[in-house]
Amino acid sequence: MTTSTPLQMHPTLDQLLSTLNTNQHQAVTAHPFSKLQIIAGPGTGKTKVITSRVAYLLLDAKIPPENIIVTTFTKKAANEMIERLRTMLDNMNLDKLMIGTFHSICFRLIMRYGKPLGLSGFGIADERDKEFYVKEILNELNAEERELFSGREGEKFKGGGKTSLEPVLIPGPVISLISSLKSQGITSDQYSQSPSKDKCLSLLYSHYQSKLQENRVLDFDDCLLKCHELVSKFPLTNIEHVLVDEFQDTNEIQLQLMYKFGTNVTIVGDPDQSIYAFRNAQVINFQKMIDYYQRQNQQCSIITLDHNYRSTNDILIFSESVMKQEKERKSKQLVSQHTNDFGSPIYAQLKSEYQEAKWIALQITTLLSLPTTPIHPQDIAILVRSAYQTRVIETELNSNGIPYHMIRGKAFWSRKEVTVMMDYLRIIANENDRVAVLRTINYPKRGIGEKTLEKIDEYLKLDVNHSVYEKLRFAVQGGVNLSSKVQSNISKYLNTIQQAKEKLDALRDDHTKLPELFDFITSEFELTKEWEPSQVENINEIKKLLSEFTPPSPDDDIPPKNILGQFIDSMGLNEAVEEQKQSRHAHYKGQVALSTIHGAKGLEWPVVFVPGLSDGLLPSIMAIKANTQEAIDEERRCLYVALTRAKLLLYVSWYVEDGDKEERQSWRMQVTDPSRFIEFIKNKDKKTGLVHIFRQKDKVKSLYEILGKRCPDFDLDEFNTVYKEKMNSILNPFNPKGIVDGCDNGADKKVGFQSASDVIHTTQNKKQKFEPGNESVTNKLGGTQPHRKGLYGNLTKDKIKPMLRKTGTQLISKPSNNKAPPYVPSRRPGSSLGTKRVSGPLALPSIANRGKGGTMGQYQRE
DNA sequence: TTTGAATCCGTTAGT
DNA sequence: CGGATTCAAA
């Protein structure tokens, strides 16, 4: 199938190919002008294969880089791939290789060629913008249109009928239904002509599109849809090969785009790892692709990679037994290339999320306290289904002095301070960003409330010949009737924008000065003083991204936006350089990774924890409620992805809550059952994970060896005794037997049952902060202990707060600094763990973090 | 009319 | 818990 004999091959390529196994070799060297599916299970060298295939196309088939499109799932994956390629082919200029996410490639194409469609200079509407626009169109419906919604078709758009008798139209369903249509490639025009259309939806879809058009923005789905329209009308003529990575996560419009991009395609993916159906991804694309080419009498070859280089066989068997439960699945035979095995996953059933977190912390400290341990924090990951699950774990890691790092998800970008900052950058970059103006004009408070805002917005919508910025100037100069206070406040706001714009112009394209501009904005708009230290930290993350930002390929004939505008587009597509190439490793070094399963896709660690294997968490409550096989299957694949991230040691755990004995976050549904996906281990030893590799000296030895260290001689039995005692103190915290290493853990001191007078103080002038969730008590050993139920009788916090307020009494709490807020990236908690501790007081919470800036602070009110 | 506090309410992943 | 909504006080 190769186009040349090995002798004629490029020496680099030759060398490259020699490192591949038979299947990989076959996949890489498949005919360049053909259709190919590579089914790549976890750890089968997928990235290596796709990268080598690109190299093969460049070197052997001599396809110029600009004639190849490679789509990846994330910008990060694209960066990694291009780095690998640069290393492989050090002298080749790859700047023109079209590589990136579908969204960014499409956006680039639209920027470059979109003029005939009237799309030049468009920006990106993010999720918040979408919601803003949808709310707007719902408010702008006239009486006649509103009438449409009284029928059955309108039902699904209604909600919130609890408080007001009149049901209200809500944006959620509108957004997701429109998105679903778009990802199937259905435009609003097409939909409005469909005989089976939903009249309400069709109406909203049209309004929504006009709204986007008016504001000159594209939403994520539009990037794909409009690009499809573009390449249909004006085909790309130069593209000789299209490669699609993570094919299992493509949706219909992406499949159609792939067909349109070029006739020769290579796709790589794994149906078992399809976990993005919520974004309308469809596994059926594998079959659709085959059928599509079949209809054109063209063959689509399939190559399956089955050598797993990542995980031990035990881990593979375990993961496979999870997947086996899925009906109608083509079972896969992954063969581990490991010769060592460390036994089946270590597991435990616990009583609460707190206990589970403690269990995890114990496992980690145990691993890290092995003599000359071969395992470092950066070798460990904790993967959860939902982002909020990290909170309890973070707290526990903090109090054990375990350094960790959050792999950032969407949550970071929806933090208040982050969105505000982005909005401010947007108004500086773009005179016409109405939404950003409306969202910043009263933050910080400038005395502009709902009514005034309405008046202003009405005025802003009037005249299309002036920019939003100009119109706002006119408004202050008398266009809108405003109080003098508001008038002067807005003037000041506008003047600061003006100054910032001038600064932006002055720095031209010198992006090294962007941080200065950034500081100017935060100080002049008086943003910093609105924020807690931890929020400022988040803002500095943006500043860092801004200073690291390099605009993409300036040699293009794209009408240039200013550099800030380019930065914002890039952020809108979530593709800002997350971390620069080399510093990435240094940055994460010495830190445990904490991530959602979705965020961990494509990554691997020697040690992986998968907690929260309870019904309602995984499968998530939403999937259970949806009550469809597809939803449950997707959750199962999610688990599969999590499990297959592990190379050597896999820890799984779950908890079941019995009644209200344990403190629970009351707003969450009680977890009562282990996950249905792990039925098959429930029958085994249920007692909790005392089953451990440390039982066998030879396993411990080979663990050291495989990690490139020599196992020192040490007393494993003694090590295990310590471990078991600590385990006991977690499982039975009030049992005196849990006393470890001669340290009295205070079982006789009624930990957790102190009197109310300990926490309630009468204060006079001193304004005290009430920190929800922080009323923990410090016990005599320096450990913190959450309040137990019963402390305030039947009173809940919500009830007690106003009572205290009325009597001039306030609830105060000891600043507890080891509480972790959700989603705050990379805090470095105190000292890192020593590696030499063998039998140190692991069960005791570290006090290293005490006294540092309160991390719950960001939710306080003054 | 704006603001801050009280209260209600939902519950997922992220290009 | 935290966002949205409602209520009450400036």
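Chain A is the first sequence line, chain B the second, and so forth, proteins listed ahead of strands; every chain is numbered from 1. Heavy atoms only: backbone and side chains are in, while hydrogens, waters and symmetry mates are out. Predicted model, so just to flag it, every value in this text is computed and none were measured.
For a distance-only test at 3.5 Å, the side chain of Arg385(A) qualifies as a donor-acceptor partner of the base of dT12(B).
If you check every strand for non-hydrogen atoms under 4.0 Å, Asp221(A) touches nothing. Counting any heavy atom pair closer than 4.0 Å across all strands shown, Phe102(A) reaches no nucleic acid atom.
The distance between atom CZ of Arg108(A) and atom C1' of dT15(B), rounded to the nearest whole Å, is 14 Å. Atom CG in Asp633(A) sits about 20 Å away from atom P in dA13(B), given to the nearest Å. Rounded to a whole Å, the CZ atom of Phe220(A) is 15 Å from the P atom of dA13(B). Summarising the geometry, the separation between CD on Glu246(A) and P on dA13(B) is reported as 19 Å, rounded to the nearest angstrom. The interatomic distance linking Ile490(A) (CD1) with dT2(B) (P) rounds to 11 Å, in whole Å. Atom-to-atom, CD of Glu353(A) to C1' of dC1(C) comes out at 11 Å; the value is rounded to the nearest Å. A straight line from CD1 of Ile170(A) to P of dC9(B) spans 14 Å, rounded to a whole angstrom. Atom P of nucleotide dT15(B) and atom CG of Leu257(A) are separated by 18 Å, given to the nearest angstrom.
Regarding contacts with the backbone of dG4(B), a side-chain N or O of Lys445(A) is found under 4.0 angstrom from either OP1 or OP2. Taking only side-chain nitrogens and oxygens, Asn280(A) never comes nearer than 4.0 Å to OP1 or OP2 of dT15(B). The side chain of Arg415(A) contributes no N or O atom lying less than 4.0 Å from OP1 or OP2 of dG2(C). Listed pair Thr596(A) / dG14(B) meets the phosphate criterion, a side-chain N or O lying under 4.0 Å from OP1 or OP2.
Separation of the C1' atoms belonging to dA13(B) and dA4(C) is 23 Å when rounded to the nearest angstrom.
For the pair Lys601(A) and Tyr276(A), the cation does not sit on the ring face, since its NZ or CZ is not both under 6.0 Å from the ring centre and inside 45° of the axis.
In this structure, the nucleotide among dA13(B), dT12(B), dT2(B) sitting nearest to the side chain of Lys451(A) is dT2(B). Considering only the side chain of Glu127(A), dT15(B) comes nearest among dT15(B), dT3(B), dA13(B). The nucleotide whose nearest atom lies closest to any side-chain atom of Met622(A) is, among dT3(B), dT12(B), dA13(B), dT12(B). Taking the side chain of Glu634(A) as heavy atoms from C-beta on, and the options dA13(B), dT11(B), dT15(B), the nearest nucleotide is dA13(B). For Arg391(A), the side-chain atoms get nearest to dG2(C) when compared with the rest of dT15(B), dA13(B), dG2(C).
The side chain to side chain donor-acceptor pair (under 3.5 Å) with Lys182(A) is formed by just one residue from the set Asp222(A), Asn280(A), Asn251(A); it is Asp222(A).
Remark on DNA chain B: of its neighbouring residues Tyr276(A) and Ile621(A), the 5'-side contact belongs to Ile621(A), judged by nearest-heavy-atom nucleotide. For the pair Ile448(A) and Phe278(A), nearest-nucleotide mapping onto DNA chain B gives the more 5' position to Ile448(A).
Taking a cutoff of 4.0 Å between a charged side-chain nitrogen and a carboxylate oxygen, Lys455(A) and Glu458(A) do not qualify as a salt bridge.
Tyr208(A) and Asp219(A) share a donor-acceptor pair across their side chains, judged by distance under 3.5 Å alone.
Glu635(A) has its side chain within reach of Ser620(A): a pair of non-hydrogen atoms, C-beta onward, lies under 4.5 Å apart.
To the nearest 0.5 Å, atom CG of residue Asp272(A) and atom CE of residue Met323(A) are 3.5 Å apart.
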